[in-house]
Amino acid sequence: MSGSVIQPERVQRLNEASADPGGRYVLYWMQKSVRTRCNHALEYAVERANDLGRPLVVAFGLMDDYPEANARHYAFLIEGLADVAASLAERRVRFVVKHGHPADVAIDLGRDAAVIVCDRDYLRHSRAWRDRVADEMKVEVVQVESELVVPLEAASDKEEYAARTIRPKITRLLEHFLVPLGEVELQTSSMKVAIRSELRDIDVTDPAGALERLQLDRCVAPVPMFRGGQREGEAIFGRFLDGFLDGYAGNRNQPQTEDVSHMSKYLHFGQVSPLWLALALKDSGGPGGDTQTYLEELLIRRPLTHNFCFHNPHYDQYRGLPEWSRKTLATHADDPREYVYSVDELEAAGTHDPYWNAAMVEMRETGYMHNYMRMYWGKKILEWSESPEAGFDAALHLNNKLFIDGRDANSFANVSWVFGRHDRPWQERPIFGKVRYMNANGLRRKAKPEEYVRKVQRMVERGETEGPASA
DNA sequence: ATCGGCTCGCGCAA
DNA sequence: TGCGCGAAGCCGAT
């Protein structure tokens with residue numbers, strides 16, 4: 001173990017099997033951490049390959065019907081895979097993308113493996129895939145965490161109530177985990193290793209062609225504004241550090257400005273490392289308050305959403321909300337609603353509220369919405385739905401369908417926050433009960449929503465080809 | 001412009 | 001067991 005720093009807390013054996021010395025290669029089943037720099041699972045797999053004197057094969061399973069995914073998500077994902085293909089070739093590491101269910105791909109390629117290394121994801125379906133592979137394989141399956149700076153169990157072994165309860169548990173471990181990950185050179189080139197598999201190869205070096213050939217849900221179009229890939233994500237973050245970090249604490253809740261890093265989508269697809277982001281921030285020498293504000297998002301709030309999804313079996317359901325908020329919302333379930341919109345009416349951005357409509361257009365046309373508007377957007381869906389349950393389902397559905405960074409742990413926690421999760425009660429009022437209320441006056445008081453509306457209009461008129469990549 | 005009240009439950013101090 | 005306080009708020013009183 002030389003060169004890299006992979007804390008033992010990141011590494012978990014998923015079964016009791018041992019490594020097979022007869023295996024022809026070490027398999028890194030890449031599924032969540034789709035990147036080559038600052039990926040603990042990759043470096044761990046290289047080390048195991050070197051220790052066993054074997055080549056390394058990295059494989060990704062690309063299925064047609066990934067849960068809730070459509071062309072908008074696939075386009076971003078495949079661009080990230082193309083970046084991985086190019087980077088791994090430079091490191092003389094063999095990379096294959098196979099058409100099939102991720103677990104089937106891992107099991108198929110794992111038959112010839114000495115060890116299977118996988119990365120980590122916290123959502124229900126992903127966990128089930130890894131459990132299945134670990135159960136079915138007769139060879140060691142080991143999972144390496146690289147999606148959180150402080151590994152989930154190291155911080156807390158229970159569902160946390162709020163940011164304030166998890167914050168000290170994470171903060172005291174940063175010294176141990178917030179350290180660079182070195183790169184390890186693979187000793188046995190794997191570019192020529194024979195791979196026995198009936199599964200079809202997908203050539204991701206032509207992302208548009210690969211996207212075309214998949215049998216996927218095309219109900220939402222890809223957006224040209226944001227391109228996937230680690231190179232792209234890291235470059236965008238570099239421009240954020242140079243141009244927008246200064247003043248971030250004061251401007252991050254100003255939706256009419258561009259003081260945002262756009263990292264959420266890259267984090268969702270594992271295309272940038274949260275550790276890399278945190279280290280880049282600390283190295284940037286930017287203003288302390290601005291850096292602290294960003295680190296709070298990255299190191300406390302985001303892990304809190306992962307803690308929520310990992311420990312709450314109903315993270316994607318209304319019943320996953322806290323007792324107090326479900327109770328107070330039930331009390332007001334029959335309150336008269338001045339406006340009620342269906343999911344289709346919401347998606348069409350045809351409500352009476354111009355601020356809300358602008359947010360909905362931004363979401364639909366760009367796969368992104370400013371963070372502050374996401375709160376307002378959600379609160380109004382609660383207010384304008386026939387029941388809180390219907391509002392929850394509508395908000396989560398639109399979130400996951402339209403955001404590039406939808407279907408993330410953040411998505412489930414953020415929608416749940418609208419309905420009281422990780423929040424506290426406030427003064428009781430119609431429909432909301434004691435759940436936090438937001439209105440357009442607050443928007444006007446704190447930001448410039450009229451400018452935001454104009455910004456969205458301009459973006460749509462221009463055909464939104466100008467993203468942070470070309471800014 | 002600024003401030004306190006609203007309201008629940010966690011976690012720490014005692 | 002008591003007590004302080006919390007991601008993003010609102011609202012009325014000063």
Side-chain angles (χ1 to χ4, degrees), chain A residues 155-172 247-257 259-261 263-264 289-309 311-312 320-332 335 338 353 355-356 359 369-384 388 391 395 399 405 408-449 452:
Chain A
S156 169
D157 58 3
K158 61 165 190 159
E159 184 178 352
E160 292 291 336
Y161 186 77
R164 74 184 155 86
T165 63
I166 202 172
R167 187 178 296 109
K169 299 178 183 180
I170 290 173
T171 304
R172 67 170 173 250
Y248 177 73
N251 294 337
R252 61 178 294 273
N253 278 340
Q254 298 295 315
Q256 72 281 4
T257 72
D259 292 54
V260 294
S261 73
M263 285 303 103
S264 175
D290 297 318
T291 300
Q292 266 314 309
T293 300
Y294 196 97
L295 288 176
E296 169 78 8
E297 309 293 321
L298 183 67
L299 300 178
I300 308 297
R301 308 295 162 74
R302 179 172 175 272
L304 178 63
T305 71
H306 288 65
N307 170 280
F308 171 58
C309 290
H311 288 286
N312 192 315
L321 296 175
E323 192 78 34
W324 71 263
S325 75
R326 272 182 291 136
K327 193 174 151 204
T328 189
L329 289 168
T331 304
H332 293 271
D335 291 354
E338 192 175 351
D353 178 341
Y355 306 149
W356 193 94
M369 186 195 298
H370 191 280
N371 183 60
Y372 194 69
M373 297 307 294
R374 291 189 189 205
M375 295 186 269
Y376 180 77
W377 176 85
K379 291 292 183 183
K380 291 295 134 183
I381 292 179
L382 164 56
E383 188 177 339
W384 301 336
N399 185 99
D405 63 349
D408 193 86
N410 283 321
S411 305
F412 300 105
N414 290 349
V415 168
S416 298
W417 174 86
V418 168
F419 296 78
R421 171 61 64 189
H422 298 153
D423 204 3
R424 60 169 161 144
W426 300 88
Q427 183 154 41
E428 194 163 7
R429 66 175 58 245
I431 303 175
F432 286 78
K434 293 166 184 171
V435 170
R436 184 194 299 265
Y437 173 72
M438 290 177 80
N439 65 8
N441 284 336
L443 223 48
R444 282 186 288 263
R445 192 167 60 245
K446 292 174 184 150
K448 297 175 176 164
Y452 170 72

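Throughout, a chain's letter reflects where its sequence line sits, starting with A, and its residues are numbered from 1. Being a predicted model, the structure only gives us computed values, none of them experimental.
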Between [N] and [M], how many Å separate the two [atom1] atoms, rounded to a whole number?
N: C/dG4; M: B/dG4; atom1: P; answer: 15 Å
N: B/dA14; M: C/dC5; atom1: P; answer: 14 Å
N: B/dG11; M: C/dA8; atom1: C1'; answer: 23 Å
N: C/dA7; M: B/dC12; atom1: P; answer: 15 Å
N: B/dC3; M: C/dG6; atom1: P; answer: 16 Å

Check the angle between the aromatic planes of A/Tyr294 and A/Tyr248 and answer parallel, tilted or perpendicular using the 30° and 60° thresholds. tilted
Is there side-chain contact between A/Arg444 and A/Pro449, with at least one heavy-atom pair below 4.5 Å?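 With C-beta onward as the side chain, the pair touches.
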Does any part of the side chain of A/Arg429, heavy atoms only, come nearer than 4.5 Å to the side chain of A/Lys434, both counted from C-beta? no
Does atom NZ of A/Lys448 have more than 12 heavy-atom neighbours from other groups under 6.0 Å away? no
Geometric cation-pi criterion, A/Arg326 with A/Trp324: 6.0 Å, 45°: no
Counting only Watson-Crick pairs (N1-N3 plus N6-O4 or O6-N4) and G-U wobbles (N1-O2, O6-N3), all under 3.5 Å, who is the partner of B/dG5?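 Per the H-bond distance test, C/dC10.
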Scan [X] against the nucleic acid and name what it touches under 4.0 Å (heavy atoms): base, sugar-phosphate only, or nothing.
X: A/Arg167; result: sugar-phosphate
X: A/Arg429; result: sugar-phosphate
X: A/Ala162; result: nothing
X: A/Asn439; result: sugar-phosphate

Within the structure, does a side-chain N or O atom of A/Asn414 lie under 4.0 Å from either OP1 or OP2 of C/dA7?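 So the side-chain polar atoms of A/Asn414 never come under 4.0 Å of the phosphate oxygens OP1 or OP2 of C/dA7.
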Look at the side-chain N and O atoms of A/Asn253 and state whether any lies under 4.0 Å from the OP1 or OP2 oxygen of C/dA8.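 No, A/Asn253 has no side-chain N/O under 4.0 Å of OP1/OP2 on C/dA8.
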Could A/Arg252 and A/Asp259 be called an ion pair, given the rule that one side-chain N must be under 4.0 Å from one carboxylate O? no
Can you check the [X] [atom1] to [N] [atom2] distance for me, whole Å?
X: A/Ile300; N: C/dG6; atom1: CD1; atom2: P; result: 15 Å
X: A/Met369; N: C/dA8; atom1: CE; atom2: C1'; result: 16 Å
X: A/Leu304; N: C/dG6; atom1: CG; atom2: C1'; result: 13 Å
X: A/Tyr248; N: C/dA7; atom1: OH; atom2: P; result: 16 Å
X: A/Glu296; N: C/dA8; atom1: CD; atom2: P; result: 11 Å
X: A/Met375; N: C/dC10; atom1: CE; atom2: P; result: 10 Å
X: A/Ile166; N: C/dC5; atom1: CD1; atom2: C1'; result: 18 Å
X: A/His370; N: C/dA8; atom1: NE2; atom2: C1'; result: 12 Å

For nucleotides 6-14 of chain B, read 5' to 3', which letter fits each nucleotide if B means a protein heavy atom sits under 4.0 Å from the base, S means only the sugar-phosphate is that close, and - means neither? BBBBBS---
Validation row, ring centre A/His422 to ring centre A/Phe308 under 6.0 Å: yes
Residue pair A/Asn307 / A/Glu160, side-chain donor-acceptor N/O under 3.5 Å: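 No pair is found: no donor N or O on one side chain lies under 3.5 Å from an acceptor on the other.
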